[in-house]
Amino acid sequence: MRLILLGPPGAGKGTQAASIVQRYEIPHISTGDIFRKNMKEGTQLGLKAKEFMEKGLLVPDQLVVEIVKDRLEQEDCKKGFLLDGFPRTVVQAEALGHALKKMNVALDKAINVNVDKHILIERAVGRRICKECGATYHITLHPSAKKDDCEKCGGLLYQRSDDNEETVSKRIEVYLNETQPLIDYYKNEGILVTINGQQDIGKVFDEIVVALGA
Ligand code: ADP
Ligand code: AMP
């Protein structure tokens, strides 16, 4: 299965990605996670990405596209993949299309997680992530049973530096201008499925499984 996840910041893409990759046994490729890992390790890529991420802006297309192309060529992507947070612009979508064509493969579905704008800020600002395993929680909507520690691995939970109200608002604005047009882009390609992201996490997943037809 070759999939992409579309949706505004805070829609629940990462949360659903964890269940999708488990069920379909495909690698989870989150460009945001790749940048955060590089920032933590202090690489050149991390330093460059940080400039944009901290302001809620998109990292330049060229940089992101190269990373994703390299990643898709790795062995584990032969069985499929789930792209989360990529593509985010029409330029990125076109570059992905070309890269897949060269590999003689195509996307099966673009999953659009639809959530009203007014609840995105609450979701993103309350988000907490495990430092060790990357599991995602929410302080009130989806708390860890172990409070400030991860209920899966015991790791400490932290808040992303770009999950403050000002930066999240900027990221939503950027989404509306740059990424939302991809909904029509993939509708035209005939592979778009839109999922109601405003229901329980488990129900959202059930809807995705039905939409994927397996
Ligand atoms: P994205 O990857 O789209 O930015 P996340 O999956 O990280 O979004 O989810 C954002 C926040 O909303 C997290 O704190 C997560 O726990 C919470 N969340 C995700 N899905 C739901 C849902 N269906 N209902 C309530 N809260 C949710
Ligand atoms: P995310 O983890 O998906 O919320 O992404 C966090 C931040 O990483 C974004 O606000 C962007 O600055 C950057 N980023 C992640 N994916 C992309 C992408 N496909 N294109 C450009 N910037 C990205």
Side-chain angles (χ1 to χ4, degrees), residues 4-21 28-39 45-46 48-69 71 82-96 111-117 119-130 134-144 150-152 157-164 166-179 182 195-208:
I4 64 173
L5 265 173
L6 292 174
K13 300 182 295 299
T15 301
Q16 295 304 322
S19 304
I20 295 170
V21 299
H28 176 198
I29 305 173
S30 155
T31 41
D33 283 352
I34 293 172
F35 291 136
R36 279 184 290 278
K37 183 167 179 278
N38 276 273
M39 275 164 63
L45 172 67
K48 187 86 200 136
K50 193 175 176 199
E51 285 174 40
F52 299 92
M53 289 171 79
E54 282 189 337
K55 296 184 191 127
L57 301 174
L58 294 183
V59 175
D61 287 332
Q62 209 193 344
L63 210 60
V64 192
V65 166
E66 286 312 312
I67 290 162
V68 173
K69 280 200 317 206
R71 182 65 187 86
L82 173 67
L83 283 168
D84 165 8
F86 180 94
R88 260 178 156 101
T89 64
V90 172
V91 170
Q92 292 180 17
E94 285 172 347
L96 174 65
I111 305 166
N112 174 35
V113 184
N114 190 33
V115 170
D116 276 354
K117 199 181 150 205
I119 67 164
L120 295 173
I121 293 183
E122 182 197 6
R123 280 201 187 175
V125 171
R127 168 164 48 197
R128 297 293 182 271
I129 300 169
C130 174
T136 301
Y137 299 93
H138 188 281
I139 47 170
T140 53
L141 303 171
H142 180 49
S144 164
C150 178
E151 67 185 33
K152 296 189 177 87
L157 303 186
Y158 78 101
Q159 184 178 27
R160 277 169 49 176
S161 60
D162 60 349
D163 275 346
N164 59 76
E166 194 190 338
T167 314
V168 173
S169 303
K170 183 68 197 169
R171 284 158 56 204
I172 294 170
E173 186 191 320
V174 169
Y175 166 82
L176 294 173
N177 292 328
E178 308 267 354
T179 311
L182 296 184
I195 305 294
N196 173 12
Q198 259 170 266
Q199 38 185 350
D200 285 354
I201 291 171
K203 290 241 170 67
V204 178
F205 182 58
D206 292 345
E207 211 181 307
I208 291 175

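Keep in mind that what you see is a predicted model, and the values were worked out from it rather than measured. Just follow the structure's listing: the first ligand is 1, and inside any ligand the first atom is 1.
Contact of the Lys152 side chain with the Tyr137 side chain is registered, since non-hydrogen atoms from C-beta on lie closer than 4.5 Å. Between Leu63 and Leu45, the closest side-chain pair of non-hydrogen atoms falls below 4.5 Å. The closest side-chain heavy-atom distance from Thr31 to Val68 is below 4.5 Å. Within the 4.5 Å cutoff, no side-chain heavy atoms of Val113 are placed close to those of Leu6. Inter-residue side-chain proximity for Gln92 and Thr89 is flagged as met; some heavy-atom pair is nearer than 4.5 Å. Between Val204 and Ile208, some side-chain heavy-atom pair lies under the 4.5 Å cut-off.
Residue contacts with ligand 1: Gly7 is excluded, as none of its non-hydrogen atoms falls under 4.0 Å.
For Arg160, every heavy-atom contact with ligand 2 shorter than 4.0 Å involves the side chain, none the backbone. Contacts of Leu141 with ligand 1, taken as heavy-atom pairs under 4.0 Å, involve the side chain alone. With a heavy-atom cut-off of 4.0 Å, Leu57 touches ligand 2 through its backbone alone. Residue Val64 touches ligand 2 through its side chain alone, judged by heavy-atom distances below 4.0 Å.
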Exercise. Could you check Asp162 against Thr167 for side-chain hydrogen bond (donor to acceptor under 3.5 Å, both in side chains), going step by step and ending with a plain yes or no?
Key: CA-CA 6 Å; Asp162 60 349; Thr167 314; over 6 Å; no

Practice problem: Kindly indicate, with the supporting measurements, whether the criterion side chain to side chain contact (heavy atoms under 4.5 Å, CB included) is fulfilled by Gln62 and Val91. | Solution: CA-CA 9 Å; Gln62 209 193 344; Val91 170; over 6 Å; no

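Looking from atom 22 (N) of ligand 2 to the surrounding protein, the closest heavy atom is Val59 N, 3.0 Å. Summary of contacts: the protein heavy atom closest to atom 2 (O) of ligand 1 is Gly14 N, 2.8 Å. Among protein heavy atoms, atom 23 (N) of ligand 1 sits closest to Gln199 O, 2.8 Å.
Of all the listed residues (Gln159, Arg127, Arg128), Arg127 holds the heavy atom that lies closest to atom 5 (P) of ligand 1. Nearest residue to atom 1 (P) of ligand 2 from Lys13, Arg171, Arg88 is Arg88 (criterion: closest heavy atom). Considering only non-hydrogen atoms, atom 25 (C) of ligand 1 lies nearest to Arg123 out of His142, His138, Arg123.
Ligand-side atoms of ligand 1 in range of Thr136: 7 (O), 13 (C), 15 (C), 16 (O), range being under 4.0 angstrom from any heavy atom. Every atom of ligand 1 with a heavy atom of Ala11 under 4.0 Å away is listed here by number and element: 3 (O), 8 (O). Using a 4.0 Å cut-off to heavy atoms of Gly197, the atoms of ligand 1 that qualify are 23 (N). Listed by number with element, the atoms of ligand 2 under 4.0 angstrom from any heavy atom of Arg36 are 2 (O), 6 (C). Residue Phe86 has at least one heavy-atom neighbour below 4.0 Å for each of these atoms of ligand 2: 19 (N). Shown in contact with Ile201 at under 4.0 Å from a heavy atom are these atoms of ligand 1, numbered in order with element: 20 (N), 21 (C), 22 (C), 23 (N). For ligand 1, the atoms lying closer than 4.0 Å to a non-hydrogen atom of Pro8 are 3 (O). Of all atoms in ligand 2, numbered sequentially from 1 with element shown, those under 4.0 Å from a heavy atom of Gln92 are 18 (C), 19 (N), 20 (N), 21 (C). Of all atoms in ligand 2, listed by their number and element, those nearer than 4.0 Å to a heavy atom of Thr31 are 15 (C), 16 (N), 17 (C), 19 (N).
A donor-acceptor pair under 3.5 Å links the side-chain atoms of Gln16 to the main chain of Ile201, judged by distance alone. His138 places a side-chain N or O within 3.5 Å of a backbone atom of Glu122 that can act as its donor or acceptor partner. Listed for the Lys37 side chain is no donor-acceptor partner under 3.5 Å among the backbone atoms of Gly32.
Heavy atoms of other residues, nucleotides or ligands lying less than 6.0 angstrom from CD of Glu166 number 12 at most.
Here the straight-line distance linking atom CG of Asp84 with atom OG1 of Thr15 works out to 9.5 Å at 0.5 Å rounding.
Below 3.5 Å of separation, one finds an N or O of Lys13 facing an N or O of ligand 1. Looking at ligand 1, you'll find an N or O of Gly12 within less than 3.5 Å of one of its N or O atoms. Taking distance alone, with nitrogen or oxygen atoms compared against 3.5 Å, Ala124 stays at or beyond that limit from ligand 1. The shortest N/O to N/O separation between Phe35 and ligand 2 does not fall below 3.5 Å. Considering both main-chain and side-chain atoms, Tyr137 comes within under 3.5 Å of ligand 1 through a nitrogen or oxygen pair. Among the atoms of Pro9, none of the N or O lies under 3.5 angstrom from an N or O of ligand 1. Any N or O atom pair closer than 3.5 Å counts here, and Thr15 shares at least one such pair with ligand 1.
Salt-bridge annotation for Asp163 and Arg123: absent, with no side-chain N of the basic residue lying under 4.0 Å from a carboxylate O of the acidic one. Taking the charged nitrogens against the carboxylate oxygens, Lys203 and Asp206 have no contact shorter than 4.0 Å, which rules out a salt bridge.
With Ile4 as the partner, the side-chain contact (heavy atoms from CB on, under 4.5 Å) test is satisfied by one option alone out of Ile29, Leu82, Leu96: Leu96.
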